2 protein chains.
Amino acid sequence: MRGLNSITKSIDKMGNSIWCFENVNLFQILCPHKLKQYQKDHFEGFKKGDVIYFPDDSSRSIFMVSKGKVKIVSYSEDGEEIVKAILGKGEIFGEKALLGEEKRDDYALACTEPTEICPMQLPDMYELMRQNENFGLSIYKLIGFRIKKMERRFEALLHKDVKTRLCEFLKEMADENGIESGSEVIINHFLTQKDFADLIGTKRETVTRLFNELKQDGIINYTRKEIRIRGLEKL
Amino acid sequence: MRGLNSITKSIDKMGNSIWCFENVNLFQILCPHKLKQYQKDHFEGFKKGDVIYFPDDSSRSIFMVSKGKVKIVSYSEDGEEIVKAILGKGEIFGEKALLGEEKRDDYALACTEPTEICPMQLPDMYELMRQNENFGLSIYKLIGFRIKKMERRFEALLHKDVKTRLCEFLKEMADENGIESGSEVIINHFLTQKDFADLIGTKRETVTRLFNELKQDGIINYTRKEIRIRGLEKL
DNA sequence: ACCTTTATGTGATGCAGCTTACATTTTTTG
DNA sequence: CAAAAAATGTAAGCTGCATCACATAAAGGT
């Protein structure tokens with residue numbers, strides 16, 4: 001249940017998960033053991049709500065989530081949350097550092113506990129990209145996919161009503177994280193309805209109403225931990 | 001009257017405009033004469049409405065506008081226009097080709113007459129980027145700025161009302177293309193009110209109303225060719 | 001277990017901006 | 001220059017969602 005444009009997961013001979021992007025094993029290249037040489041202090045454990053970086057921190061590193069979930073957000077003047085992305089294991093963030101960003105312009109927050117990340121200093125990153133041409137290409141390709149994802153959200157906001165946006169968002173979640181179970185697709189999640197609201201650009205009350213509406217119609221079954229989708233095609 | 005995050009213009013000793021990005025003269029590197037060696041067939045002239053590339057064309061080149069204006073758009077299922085960018089002289093488009101895009105996912109349309117562009121084949125581009133490290137960095141930096149611009153539009157759509165969005169858009173235009181003239185800033189433009197509507201995510205009628213409202217209040221003076229802003233700070 | 005905090009559920013009300021429907025003006029074209 | 005097409009102006013009515021105002025339920029802390 002994983003679409004294109006995404007990190008893919010497979011199991012190696014040792015029974016470990018391998019996270020790949022476009023056939024390049026980012027996780028293996030970027031993470032733990034291989035990187036001991038580069039990583040002096042880090043490989044850190046975060047608690048829920050911990051800040052991984054702040055706006056105006058200098059963009060010296062990029063990161064990969066090795067455990068948990070990380071939320072990238074900024075805030076409008078009136079304090080409204082702008083959720084740019086929510087990332088899980090094997091996914092990369094802070095990648096704008098590779099595009100000449102000098103200071104972060106958003107927050108990276110741990111939103112599960114414990115959350116672990118692999119940081120990678122920019123110079124080391126460039127070194128790795130030089131050493132491994134395919135890795136470098138994959139990183140840039142990943143940035144390309146991020147742009148397209150943002151463009152899709154933008155388009156939805158521009159021309160689609162709230163219900164449509166929620167349905168499309170659920171479909172995307174199903175595609176990226178869903179587990180098929182008989183006729184259903186199960187999405188394990190950790191989002192509050194407020195989070196959904198921020199992600200699709202509406203208010204919490206509206207999300208509540210829509211989830212219950214979809215439940216009435218027998219299309220989904222929402223709980224705090226999982227969403228079971230009975231009629232993916234009806235969404 | 002040109003902000004950061006943008007192409008800057010200056011005049012060289014010969015009286016020619018020089019278009020720079022982050023102190024790297026893209027125009028000189030990418031354009032006409034220097035590139036004779038690379039450019040076999042192109043350096044083309046387009047009429048208003050001509051398509052420079054279609055969705056699904058393979059992303060083999062990136063382009064720089066050398067004359068006129070180019071609009072990057074896609075269309076939603078119901079035929080609504082999604083304007084991703086409008087680019088003028090010295091600006092680059094099709095840059096997602098550098099991020100591993102295989103096929104274009106939008107249209108590039110000439111929207112002035114005549115419009116001229118400098119195409120650059122991807123392999124040649126990579127060659128140039130290898131030869132000139134600063135040039136390569138500038139290109140990626142430019143992509144970074146594009147992302148931030150998109151994020152700003154996204155945020156505005158998410159949390160700001162139509163009038164605020166229009167005012168911010170006008171300020172951005174003033175910053176990027178405005179000419180100061182006494183106490184006024186003059187923006188020469190070529191957009192219809194429908195174009196404005198598509199850019200800020202509203203309907204044409206609403207744009208008409210708002211322009212007239214701003215005119216009533218003595219803040220702007222809208223005509224089809226130019227917008228004079230009397231009170232930039234009041235916007 | 002109790003208390004506090006955070007998340008969810010649900011109605012009543014309001015309004016920004018979309019829709020619809022034309023009128024008028026400007027530009028383009030034959 | 002006339003006719004057609006495109007852009008702009010204006011107004012009345014409607015509606016999708018935000019807002020407000022609570023009630024209930026679940027999670028977390030001590």
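Note on naming: letters A, B, ... go to the chains in the order of the sequence lines (proteins, then strands), and numbering restarts at 1 for each one. Fair warning: this is a prediction, and the values are worked out from it, not measured in the lab.
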Q) Looking only at atom types and distance, does a side-chain atom of Ser59(A) sit under 3.5 Å from a main-chain N or O of Arg104(A), one as donor and one as acceptor? A) yes

**Q.** Nucleic acid contacts of residues 194-208 of chain A, taken as heavy-atom distances under 4.0 Å to DNA chain C
**A.** Arg204(A), Glu205(A), Thr208(A)

Q.
Going by the rule side-chain contact (heavy atoms from CB on, under 4.5 Å), which residues pair with Thr206(B) if we only count those two or more places apart in sequence or in a different chain?
A. Val162(B), Thr202(B), Lys203(B), Arg209(B), Leu210(B)

(Q) Would the distance check show the side chain of Arg165(B) and the main-chain N or O of Gly201(B) forming a donor-acceptor pair, the cut-off being under 3.5 Å? (A) yes

Q. Considering only heavy atoms, which members of residues 215-223 of chain A lie under 4.0 Å from some atom of DNA chain D?
A. none

Q) If you take all heavy atoms of Gly68(A) and Thr112(A), which pair is closest and at what distance? A) CA-OG1, 3.1 Å

**Q.** CG on Leu157(A) to CZ on Arg152(A), rounded to 0.5 Å
**A.** 14.5 Å

Q: Could you pull out all residues at least two apart from Glu184(A) that satisfy side-chain contact (heavy atoms from CB on, under 4.5 Å)?
A: Arg228(A), Arg230(A)

Q) Nearest heavy-atom pair of Leu214(A) and Cys167(A): which atoms, and what distance? A) CD2-SG, 4.4 Å

(Q) Please check: side-chain N/O of Ser76(B) versus main-chain N/O of Glu80(B), any donor-acceptor pairing under 3.5 Å? (A) yes

Q) Quick one: do Lys96(A) and Glu151(B) make a salt bridge, cutoff under 4.0 Å? A) yes

**Q.** DNA chain C-proximal residues of residues 71-82 of chain B, any heavy atom under 4.0 Å
**A.** none

(Q) Using the rule given for ring-ring contact (aromatic ring centres under 6.0 Å, His included), can you reason through Phe93(A) versus Phe63(A), listing the C-alpha separation, both sets of side-chain angles and the distance that settles it, and then say yes or no? (A) CA-CA 5 Å; Phe93(A) 64 98; Phe63(A) 305 94; 5.0 Å; yes

Q | Under the side-chain contact (heavy atoms from CB on, under 4.5 Å) test, residues paired with Arg204(B) that sit two or more places apart | A | Gln193(B), Lys194(B), Thr208(B)

**Q.** Of Glu168(A), Glu91(A), Glu155(A), Glu172(A), the residue whose pairing with Lys149(A) passes salt bridge (Lys or Arg N to Asp or Glu O under 4.0 Å)
**A.** Glu172(A)

Q: Considering only heavy atoms of chain A and a distance under 4.0 Å, specify the first and last nucleotide of DNA chain D in 5' to 3' order that meet this criterion.
A: dC17(D) to dA27(D)

Q: Name every residue in residues 156-168 of chain A that has at least one heavy atom under 4.0 Å from any atom of DNA chain C, in order of residue number, or write none if there are no such residues.
A: none

Q | side chain to side chain donor-acceptor pair (under 3.5 Å): pairs with one or both residues in residues 210-225 of chain B, sequence neighbours excluded | A | Lys163(B)-Glu213(B)

(Q) By the salt bridge (Lys or Arg N to Asp or Glu O under 4.0 Å) test, which pairs, at least two apart or in different chains, include something from residues 46-67 of chain A? (A) none

Q: Summarise protein proximity over nucleotides 24-30 of chain C in one line of letters, 5' to 3': B for base, S for sugar-phosphate only, - for none, counting protein heavy atoms closer than 4.0 Å.
A: --SS---

Q: State, to 0.1 Å, how close His159(A) and Glu81(B) come at their nearest heavy-atom pair, and which atoms those are.
A: NE2-O, 3.2 Å

Q. What is the minimum heavy-atom distance between Gly144(A) and Leu99(B), and which atoms define it?
A. CA-CB, 3.8 Å

Q | Partner set under ring pair (Phe, Tyr, Trp, His ring centres under 6.0 Å) for Phe190(A), not counting sequence neighbours | A | none

